[in-house]
Amino acid sequence: MIDLRLLRDDPDRVRASQQARGEDPHAVDVLLAADERRRAAVSRADSLRAEQKAFGRAMQAASVDERATLRARGGELSAEVKLAEAEQSAADEALRPARLAVPNVIEHGAPAGGEDDFVVLETVGEIPTYDGWSPRDHLELGELLGAIDVDRAAKVSGARFYFLTGVGALLELALVNLAVAQAVAVGFIPVIPPVLVRPEAMEGTGFLGAHAAEVYRLEADDRYLVGTSEVPLAAYHAGEVLDAARLPLRYCGFSPCFRREAGSYGKDTRGIIRVHQFDKVEMFSFCRPEEAAVEHRRLLAWERQFLGALELPYRVIDVAAGDLGSSAARKFDCEAWVPTQERYREVTSTSNCTDFQARRLGIRMRTAEGVRPLATLNGTLCAVPRFIVALLENHQQPDGAVRVPAALRPWLGGREVLEPAG
RNA sequence: GGAGGCUUCGCCUAGUCCGGUCUAUGGCGCCGCACUGCUAAUGCGGUUUGGGUUAAUCCCCAUCCCGGGUUCAAAUCCCGGAGCCUCCGCCA
């Protein structure tokens, strides 16, 4: 939710942001008008209420006889107040959608344009080469290792589901352990959150807007299955005022994630790149807005540390304004090399939501100067299936075995290589 | 699934039966000032949050879990909902 004061004080900045996102700058003027109407309505209702209160005091002081005659005037006033309040709530009502229509103001430096207008910030690691043999894709490798079973998953649950079995299951646990250990080592509070949440949590984090079709809803109970633990982690402090001295407050959530993948028919149908359910280790930070940009770089650095520990080749992109989503002011994605696709694929993503998400969730901080919204940021540490894809494909050997990077070995009982099952 | 209780400005709490200076009591905590070799103790004052207005102050409005209703007037009365707790039943 955008700061209306910023909007009033500097509408051009908001218009420029809209332009960079490829969205309608006119939405800014619609919002300004709605804000104006609301303020007028509030002023009017406020003064009428003041009058009514004064009348109430007179009524109290009046004798029984006087009260009878005064009562008529009281009725009139009451009706006027009711009318003014109706206009006030109508104006409030009208403001809401106008406000939701304006996404977060982009951070200075974010590239303008759409999905393809990202800027590559850095490319890290060597792309593997294959002399005289062709690499197998992750599904073939997973089947050879007895690690991934999508056929039986289709039987049990349908398309875009998978069983991780044997070393596949162990691999997930190892990845999660490594990720959580890394996060805890730098001070994150580990969290296992609920993944079935109320509409307010979903709405507050911005997932019921343009991406509403992406989320699973449990009709009978009016609950949603989260697509990321960002939702419960952000909503964890909803409606609270945090002591600014305790910031940044960093949480690392481990949870299943559920995605309907509506509208992605035909995309990534093979293997486990795009699935309806997966586990993920997610970083989440509450910090002072002034520190948000720096904190964002820290989250990116921790993502890169994890990719580095797994010895994966990857690149970092600065996502273009039009591809940010409504809450993010800036977003960096890390994309790991996928040998059989001969391209980089997103494995992590970190967003700086500034105070936009916090405002909607009512999360504020108390500083010496007073209370104001804080900033929220999130970043993937390990989205399990995609990391398994990258790991299997990049570290495969000609015989279908997969080398285990040193950092992961302690979590796999010291195993250095995953061998194809008999 | 059933029965009952609770929810007040950071925390605890008075007030709710019987509507009106509730413009919400007191304690703790916190902030400021005074006093004091220092600290502590003590005294005095301040301390919900959001909005409107303003250059800023002042001032005004809302806010007693949330949403409706009754009334000239609601923390207080009525209806609906949420959360928490206790007990019974069922269940890993």
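The chains referred to below are lettered A, B, ... by the order of the sequence lines, with proteins before strands, and numbering in each begins at 1.
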Side chain to side chain donor-acceptor pair (under 3.5 Å) partners for A:T354, two or more places apart:
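Expected list: A:N104.
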[N] versus [M] - spacing of their [atom1] atoms, nearest Å:
N     : M     : atom1 : value
B:A14 : B:A82 : P     : 27 Å
B:U25 : B:U13 : C1'   : 9 Å
B:U47 : B:G5  : P     : 38 Å
B:U42 : B:U54 : C1'   : 41 Å
B:U21 : B:C28 : C1'   : 28 Å
B:G69 : B:U76 : C1'   : 15 Å
B:A75 : B:C64 : P     : 7 Å
B:A73 : B:G81 : P     : 26 Å

Can you tell me how the ring of A:Y236 sits relative to the ring of A:Y251, calling it parallel under 30°, perpendicular over 60° and tilted otherwise?
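Ring orientation, 0 to 90° scale: perpendicular.
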Atom pair distance, as rounded to whole Å: [atom1] in [X] and [atom2] in [N]:
X      : N     : atom1 : atom2 : answer
A:F55  : B:U71 : CZ    : P     : 15 Å
A:L95  : B:G50 : CG    : P     : 18 Å
A:H237 : B:G10 : NE2   : C1'   : 15 Å
A:E240 : B:U49 : CD    : C1'   : 15 Å
A:L361 : B:U49 : CG    : C1'   : 17 Å
A:D9   : B:A55 : CG    : C1'   : 13 Å
A:Q88  : B:G52 : CD    : P     : 11 Å
A:D243 : B:C11 : CG    : P     : 14 Å

Which comes earlier along RNA chain B counting from the 5' end, the contact point of A:V371 or that of A:S78, where each point is its nearest nucleotide?
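Its nucleotide being nearer the 5' end, the pick is A:V371.
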Applying a 3.5 Å limit to both distances, which nucleotide forms a Watson-Crick or G-U wobble pair with [N]?
N     : result
B:A82 : B:U7
B:C87 : B:G2
B:A74 : none
B:A24 : none
B:G43 : B:C33
B:A62 : B:U49

Drop me the distance from A:R246's CZ to A:L242's CG, to the nearest 0.5 angstrom.
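It is 6.0 Å, given to the nearest 0.5 Å.
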Distance check, rounded to the nearest 0.5 Å: A:S327 atom OG versus A:L361 atom CG?
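Nearest 0.5 Å value for the OG-CG distance: 9.0 Å.
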Across the strands shown, which category fits [X] at heavy-atom distances under 4.0 angstrom: base, sugar-phosphate, nothing?
X      : result
A:R5   : sugar-phosphate
A:R366 : sugar-phosphate
A:V241 : nothing
A:R359 : nothing

Any donor-acceptor N or O pair under 3.5 Å, side chains [X], [Y]:
X      : Y      : answer
A:E93  : A:Q88  : no
A:Y224 : A:R198 : no
A:T380 : A:K280 : no
A:E282 : A:S229 : no
A:E393 : A:T340 : yes
A:S349 : A:D333 : yes

Please check the phosphate of B:G20 (OP1 and OP2 only) for any side-chain N or O of A:K53 closer than 4.0 Å.
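For B:G20, OP1/OP2 do not have a side-chain N/O of A:K53 under 4.0 Å.
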Taking the six-membered ring for Trp, is the centroid-to-centroid distance between A:H237 and A:F286 below 6.0 Å?
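When the ring centroids of A:H237 and A:F286 are compared, they turn out to be within the sub-6.0 Å range.
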Strand contacts (RNA chain B) in residues 35-52 of chain A, 4.0 angstrom heavy-atom criterion
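Per residue number, the list reads A:R38, A:R39, A:V42, A:S43, A:D46, A:R49, A:A50, A:Q52.
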Can you pull every protein N or O that's under 3.5 Å from an N or O on nucleotides 90-92 of chain B?
none

Choosing from B:U70, B:C72, B:G83, which nucleotide comes nearest the side chain of A:R198?
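Of the candidates, B:G83 comes closest.
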Among B:G50, B:C61, B:U70, which nucleotide has an atom closest to any side-chain atom of A:R364?
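For A:R364, the side-chain atoms sit closest to B:G50.
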Heavy atoms only: give me the nearest A:L391-A:L171 pair and the separation to one decimal.
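Taking A:L391 first and A:L171 second, the nearest heavy atoms are CD2-CD1, 3.8 Å.
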